[in-house]
Amino acid sequence: MGSVGAKDVPVLIGEDGRRIDGRRADELRPMKITAGALHQADGSAFVEWGMNKVMAAVYGPREVHPRHLQENNKAIVQCRYNMAAFSVDERKRPGLDRRSQEISKVIAEALESVVFAEEYPRTSIDVYIEVLQANAGTRCAGVVAASVALADAGIPMVDLLPSVAVGKVAGHIVLDLKKEEDNFGEADMPMALVPQSGRLVLLQMEGRLSKAEFATALDMGVAGCKTIYGTMKQALRDRYNVTGSDPTEAGQ
Ligand code: UDP
């Protein structure tokens, strides 16, 4: 969030309460998930979410590289989040910068917490996330794509991992920030939720929220994650042509 003159700030919330792209405060951008988008990977998913386009490919469980990272009693999850040079307005220098390294680390930790890693000792589960087009929320799109790709690879998991950012824009708490809202807003808080248990496995914050705003944002994010969860499950059902009842909804 850079400092800009007031004249440069677009109107983020109109008089009708609508956002810059016409959404209500608690509305998600349109999302499409294609599970199994790549032939070569063990598992893959392509997520188109608003103007974000993010591909995830999963390999493994396989031999650990570098070897010294190997754990005797469990698999490790390694993640590489990368933004293509052409993914943003101002060409990004290719390669892993500090931001990509941080995002790779938090995503790997979030995914490791849902994978049954102890079933595959001395192996690595490698997750590659390639951002082809970016418009804010790419780490969340990466988590969504990666967890569908892990399921597509047949890797046992506690649950899928829906993820979304909430934030504060022109004094309003809003769901799923787009680029202008991220740039000119007051706060950006990406999160990832284990839907069945309600556990948060990723929570970051840029900017400031009061306690009450934080609580509102959290509730909005959890509700958003539940909607995204439905889209993720549907993508896997479409991939495997599964019809009928949803086992994760049994007993509800
Ligand atoms: N961005 C950019 N160049 C960069 C990094 C980010 O233009 O080198 C843009 C991109 O649209 C990204 C947004 O800024 O989605 C917000 O970035 P942030 O670091 O908040 O991560 P994200 O919201 O994508 O998870």
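All figures in this text were calculated on a predicted structure; none of them were measured in a lab. Reckoned from all heavy atoms, side chains included, excluding hydrogens, waters and symmetry mates.
Using a 4.5 Å cut-off between side-chain heavy atoms of Ile, Leu, Val, Met, Phe, Trp and Tyr, with links allowed through other members, V158 and M232 fall into the same hydrophobic cluster. Using a 4.5 Å cut-off between side-chain heavy atoms of Ile, Leu, Val, Met, Phe, Trp and Tyr, with links allowed through other members, M157 and I129 fall into the same hydrophobic cluster. Hydrophobic clustering of Ile, Leu, Val, Met, Phe, Trp and Tyr side chains at less than 4.5 Å, counting indirect connections, keeps V54 apart from Y59. Under the 4.5 Å side-chain heavy-atom criterion for Ile, Leu, Val, Met, Phe, Trp and Tyr, V77 and F116 are members of the same hydrophobic cluster. Note on V11: it does not cluster hydrophobically with F184, by side-chain heavy-atom contacts below 4.5 Å among ILVMFWY residues.
Considering every non-hydrogen atom in both L236 and A35, the closest pair reads CD2-CB, 4.1 Å. Minimum heavy-atom separation, A134 to V131: CB-CG1, 3.9 Å. Residue S44 comes nearest to A37 through the heavy atom pair OG-N, 3.0 Å, listed as atom of the first residue, atom of the second, then distance. Taking each heavy atom of A217 and L209 in turn, the nearest pair found is CB-CD1, 4.2 Å. Shortest non-hydrogen contact noted between I155 and G60 is CD1-O, 4.0 Å. Considering all non-hydrogen atoms of both residues, D182 and D188 come closest at OD2-OD2, 3.1 Å.
Atoms SG and CD1, on C79 and I103 in that order, are 9.5 Å from each other to the nearest 0.5 Å. In this structure, the separation between NZ on K233 and CD1 on I33 is 12.0 Å, given to the nearest 0.5 Å.
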(request) Output, in order, the C-alpha distance, side-chain angles, deciding distance and verdict of side chain to side chain contact (heavy atoms under 4.5 Å, CB included) for V201 and L161. (result) CA-CA 9 Å; V201 294; L161 202 51; 3.4 Å; yes
(request) Please assess M189 against L203 for the test side chain to side chain contact (heavy atoms under 4.5 Å, CB included), listing each intermediate value before the final yes or no. (result) CA-CA 7 Å; M189 187 170 86; L203 186 65; 3.9 Å; yes
(message) Run Y229 and Q196 through side-chain hydrogen bond (donor to acceptor under 3.5 Å, both in side chains) and show every step you take.
(response) CA-CA 10 Å; Y229 187 42; Q196 300 287 317; 3.1 Å; yes
(message) Run the side chain to side chain contact (heavy atoms under 4.5 Å, CB included) test on M220 and I173 for me, step by step, so that the C-alpha distance in whole Å, both residues' side-chain angles and the decisive distance to 0.1 Å come before the verdict.
(response) CA-CA 8 Å; M220 203 182 256; I173 301 299; 4.1 Å; yes
(request) For the pair R19 and V174, evaluate side chain to side chain contact (heavy atoms under 4.5 Å, CB included) and give the outcome as yes or no after the intermediate values. (result) CA-CA 9 Å; R19 294 156 67 181; V174 298; 3.7 Å; yes
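Every residue two or more places apart in sequence or in another chain was checked for a salt bridge (Lys or Arg N to Asp or Glu O under 4.0 Å) with R122, and none qualifies. Remark: R23 engages D21, D176, E181 in a salt bridge (Lys or Arg N to Asp or Glu O under 4.0 Å) (not counting sequence neighbours). Looking at residues two or more places apart in sequence or on another chain, you find a side chain to side chain donor-acceptor pair (under 3.5 Å) between N82 and E130. By the side chain to side chain donor-acceptor pair (under 3.5 Å) test, D238 is found to be paired with Q234, residues two or more places apart in sequence or in another chain being considered. For the side chain to side chain donor-acceptor pair (under 3.5 Å) test, residues two or more places apart in sequence or in another chain that qualify with S100 are D97. Taking the side chain to side chain donor-acceptor pair (under 3.5 Å) definition, one finds that R91 meets it with nothing, sequence neighbours left out.
Contact of the P195 side chain with the L160 side chain is not registered, since no non-hydrogen atoms from C-beta on lie closer than 4.5 Å. For the pair I20/K178, a side-chain contact is recorded, criterion being any heavy-atom separation below 4.5 Å from C-beta on. Side-chain contact between K32 and W49 is absent, with no heavy atoms from C-beta onward closer than 4.5 Å. A heavy-atom distance below 4.5 Å is found between the side chains of T227 and L28. Under the 4.5 Å side-chain criterion, counting only non-hydrogen atoms from C-beta, N52 is in contact with R29. Considering only heavy atoms from C-beta on, S104 stays 4.5 Å or farther from Y128 through its side chain. In this structure, L200 and L218 have side chains that are in contact, with non-hydrogen atoms separated by less than 4.5 Å. For the pair E27 and L175, the minimum side-chain heavy-atom distance is 4.5 Å or more.
Connectivity analysis of hydrophobic side chains (ILVMFWY, heavy atoms under 4.5 Å, direct or indirect) links F86 to L38, F46, M55, L132. Think of L69 as one node in a network of Ile, Leu, Val, Met, Phe, Trp and Tyr side chains linked at under 4.5 Å; its network also takes in V64, I76.
Counting only residues at least two apart or in different chains, salt bridge (charged side-chain N to carboxylate O under 4.0 Å, His left out) contacts with residues 214-230 are absent. Among residues at least two apart or in separate chains, side chain to side chain donor-acceptor pair (under 3.5 Å) pairs with a member in residues 137-158 are Y81-T138, E102-R139, R139-Q204, D152-R239, D152-Y240. Annotation: salt bridge (charged side-chain N to carboxylate O under 4.0 Å, His left out) contacts involving residues 108-119, sequence neighbours excluded, comprise K74-E112, K105-E109.
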Name every donor-acceptor pair, under 3.5 Å, that has one atom in a side chain of residues 162-171 and the other anywhere in the protein, sequence neighbours excluded.
residue: S163; atom: OG; partner: M191; partner atom: O; Å: 2.8
residue: K168; atom: NZ; partner: E213; partner atom: OE1; Å: 3.4
residue: K168; atom: NZ; partner: E213; partner atom: OE2; Å: 2.9

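With a 6.0 Å radius and a threshold of 12 heavy atoms from other residues, nucleotides or ligands, D89 has its CG atom at or below the threshold.
A donor-acceptor contact closer than 3.5 angstrom links the side chains of R67 and Q70.
Side-chain atoms of S124 do not come within 3.5 Å of backbone N or O of R62 as any donor-acceptor pair. The main-chain N or O of A110 is found under 3.5 Å from a side-chain atom of S113 such that the two form a donor-acceptor pair.
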